[in-house]
Amino acid sequence: MKKALVTGISGQDGSYLTELLLSKGYQVHGMIRRSSTFNTGRIDHIYRDPHNGDKTRLLLHHGDLASSVSLANLISEIEPDEIYNLAAQSHVRVSFDLPEYTGDVTGIGTLRILEAIRRSGIDTRFYQASTSEMFGGAAPPQTEATPFAPQSPYAAAKTYAHWVTKNYREAYGIFACSGILFNHESPRRGETFVTRKVTRAVAAIKAGKQKHLYLGNLDAKRDWGYAPEYVEVMWRLLQHGEPLDIVIGTGESRTVREFLEEAFGYVGLDYQDYVRIDERYFRPTEVDYLLADPRMAREVLGWEPKIKFKDLVRIMMDADLELLGLEAPGDGKRLLSDRFDGWHRWDDQLVSMDK
Ligand code: NAP
Ligand code: G4F
């Protein structure tokens, strides 16, 4: 049985990746942070308590990217075949308020893992969650050859992590890869990222629980894809014959305003009647236009996304409407069952991807 260690297992991507790895027969070790409230909501549905005599291939351990001791101990004790580093302070706007912390966790945290791998001497494959934010001000479309131009403390920290991953590959022969992922969303997306903020607000407005939605820059363009498809490519990258860095996105870019039109329009509302601008949500430096050229992912890994912009909005809208007990038009759910039936099977049960 292959063993994987996943940092950031309690996040959006960590939860989908864990479902995928369990469905492929892996034993999954997840690193979670100590928190005063439960922070495992996204993985509770797949966790089995061994105290109940349940057999489980999902094991959780406390640790932190800020603690090299915790990382070294976990890596030498578990001896994982694969390590997926998904943990990060991942919010761009917040990184301007917490630049030092973001640099420590999102940047140096990656170095701490690589150093723990090197010192342990174990033969493992390492995945780094790099980001299209590293391209920052570079002209679209962005490819593996596009020079980085980070525009935030978050992007600068990720760029450091990206380069140090490449350096440990070249210096020490570690099988270390970076997936340069463009924005990917889902019903499990954190509530303060713009897509989820919008879909939750539309549902709340429809339910009569909210009057207005306050946002920042509506003109930024993003290449938005569907998160469960993106975790598949993380796994494929580590199964590849040689380590490489690769761009992952849909090749389609939309403005925040277009996301608003689509989400409000889905339930028959006009966003202009509800959206207000709050300067607090603007960033000191913005990334205006991200658009992936995912040709290499298609040619080398045979990966192509099935869910594009409109489908994504529908999937997220249906989920947030249902959470508030509202009738959802259902297009999103139909899309999921049409295209992903049987994808995430674990312990002979179909794991519901978005509940
Ligand atoms: P997310 O939902 O924000 O999850 C981040 C995870 O990191 C959570 O599990 C969080 O734990 C954990 N974490 C934060 N600080 C930590 C620390 N000091 N030590 C240990 N764990 C810590 O992020 P995501 O959307 O799943 O993204 C996964 C990764 O891909 C991140 O590295 C992100 O920067 C990167 N990325 C994301 C996208 C995207 O569009 N989603 C695109 C490109 C790259 P808690 O649950 O306790 O907070
Ligand atoms: O949803 P966002 O916060 O995502 P952003 O900044 O693109 O970062 C996300 O994607 C990156 C990949 O490119 C990841 F690396 C990163 O970890 C994260 O997952 O903002 C998207 C756009 C921005 O241009 C922002 O200025 O939406 C704009 N926006 C407008 N109003 C807003 C808001 N963003 C947020 N979060 N909240 C607003 O009220």
Side-chain angles (χ1 to χ4, degrees), residues 12-13 88 90-93 95 128-152 154-159 161-162 177-186 189-190 193-199 215-234 236-237 244-263 265 271 281-316:
Q12 171 189 255
D13 291 6
S90 69
H91 202 285
V92 175
R93 179 66 193 83
S95 78
Q128 169 58 17
S130 287
T131 167
S132 51
E133 277 289 306
M134 300 187 307
F135 296 124
Q142 292 96 6
T143 73
E144 290 77 9
T146 303
F148 299 137
Q151 301 291 311
S152 64
Y154 166 78
K158 280 285 186 183
T159 306
H162 181 85
C177 307
S178 287
I180 307 176
L181 271 53
F182 284 63
N183 299 50
H184 46 281
E185 321 290 312
S186 74
R189 183 57 143 150
F193 296 99
V194 78
T195 55
R196 188 76 199 291
K197 187 170 167 181
V198 170
T199 58
L215 294 173
N217 178 15
L218 306 187
D219 297 317
K221 294 180 94 172
R222 290 292 181 273
D223 181 327
W224 278 299
Y226 183 49
E229 296 192 285
Y230 285 52
V231 302
E232 165 89 22
V233 84
M234 296 174 185
R236 280 198 204 181
L237 194 50
L244 42 92
D245 303 330
I246 204 155
V247 157
I248 306 295
T250 67
E252 187 180 320
S253 187
R254 303 297 189 113
T255 59
V256 174
R257 195 184 303 281
E258 285 175 283
F259 194 97
L260 286 168
E261 281 164 1
E262 198 62 35
Y271 84 92
Y281 298 118
F282 283 85
R283 290 147 191 208
T285 38
E286 175 64 285
V287 170
D288 294 321
Y289 192 175
L290 292 176
L291 170 67
D293 176 348
R295 232 174 314 176
M296 185 168 159
R298 192 170 56 239
E299 286 164 11
V300 177
L301 299 179
W303 180 86
E304 215 162 354
K306 296 191 186 86
I307 300 287
K308 295 285 185 79
F309 177 73
K310 283 192 179 194
D311 298 345
L312 174 68
V313 177
R314 281 154 193 250
I315 290 166
M316 294 180 71

Are the charged groups of K221 and D288 less than 4.0 angstrom apart, N to O? no
Please tell me if the side chains of S152 and R283 come closer than 4.5 Å, counting only heavy atoms from C-beta onward. no
Contact check, side chains of M316 and R196, non-hydrogen atoms, under 4.5 Å: yes
Validation row: E185, I315 side chains within 4.5 angstrom (heavy atoms): no
Shortest non-hydrogen contact between Y226 and S186, atoms and distance: CE1-CB, 4.2 Å
Point-to-point distance, once rounded to the nearest 0.5 Å, from OG1 of T195 to CZ of R222: 11.5 Å
If only atom types and distance count, is the side chain of Q142 paired as donor or acceptor with the main-chain N or O of L291 below 3.5 Å? yes
Parallel, tilted or perpendicular for Y230 and H184, by the 30°/60° rule? parallel
Would you call E232-R236 a salt bridge at under 4.0 Å N-O? yes
For a quick test of reading the model, state the closest non-hydrogen atom pair linking A138 to T146 and the distance between them. CB-CG2, 3.6 Å
Checking side chain to side chain contact (heavy atoms under 4.5 Å, CB included) between S132 and each of N183, D223, V247, which is the one that passes? N183
Side chain to side chain, I248 and L237, heavy atoms closer than 4.5 Å: no
Does M296 form a side chain to side chain contact (heavy atoms under 4.5 Å, CB included) with T143? I'd like the steps, not just the answer. CA-CA 9 Å; M296 185 168 159; T143 73; over 6 Å; no
Close side-chain approach of F193 to S90, heavy-atom, < 4.5 Å: yes
Judged by atom type as modelled, is there a donor-acceptor pair below 3.5 Å linking the side chain of Q128 to the main-chain atoms of A161? no
Taking M134's backbone N and O only, do any of them form a donor-acceptor pair with T131's side chain (distance below 3.5 Å, no angle check)? no
Check the pair V194 / W224 against side chain to side chain contact (heavy atoms under 4.5 Å, CB included), numbers first and verdict last. CA-CA 11 Å; V194 78; W224 278 299; 3.9 Å; yes
Spell out, as yes or no, whether a donor-acceptor pair under 3.5 Å connects the side chain of E262 to the backbone of F259. no
Distance, nearest 0.5 Å, that separates CG of D311 from NZ of K306: 12.0 Å
Keeping T285 on the side-chain end and Q151 on the backbone end, is there a donor-acceptor pair under 3.5 Å? yes
Heavy-atom nearest pair, S253 first then Y289, reads OG-CE2, 3.6 Å
Taking C-beta and beyond as the side chain, do V198 and L260 meet within less than 4.5 Å on heavy atoms? yes
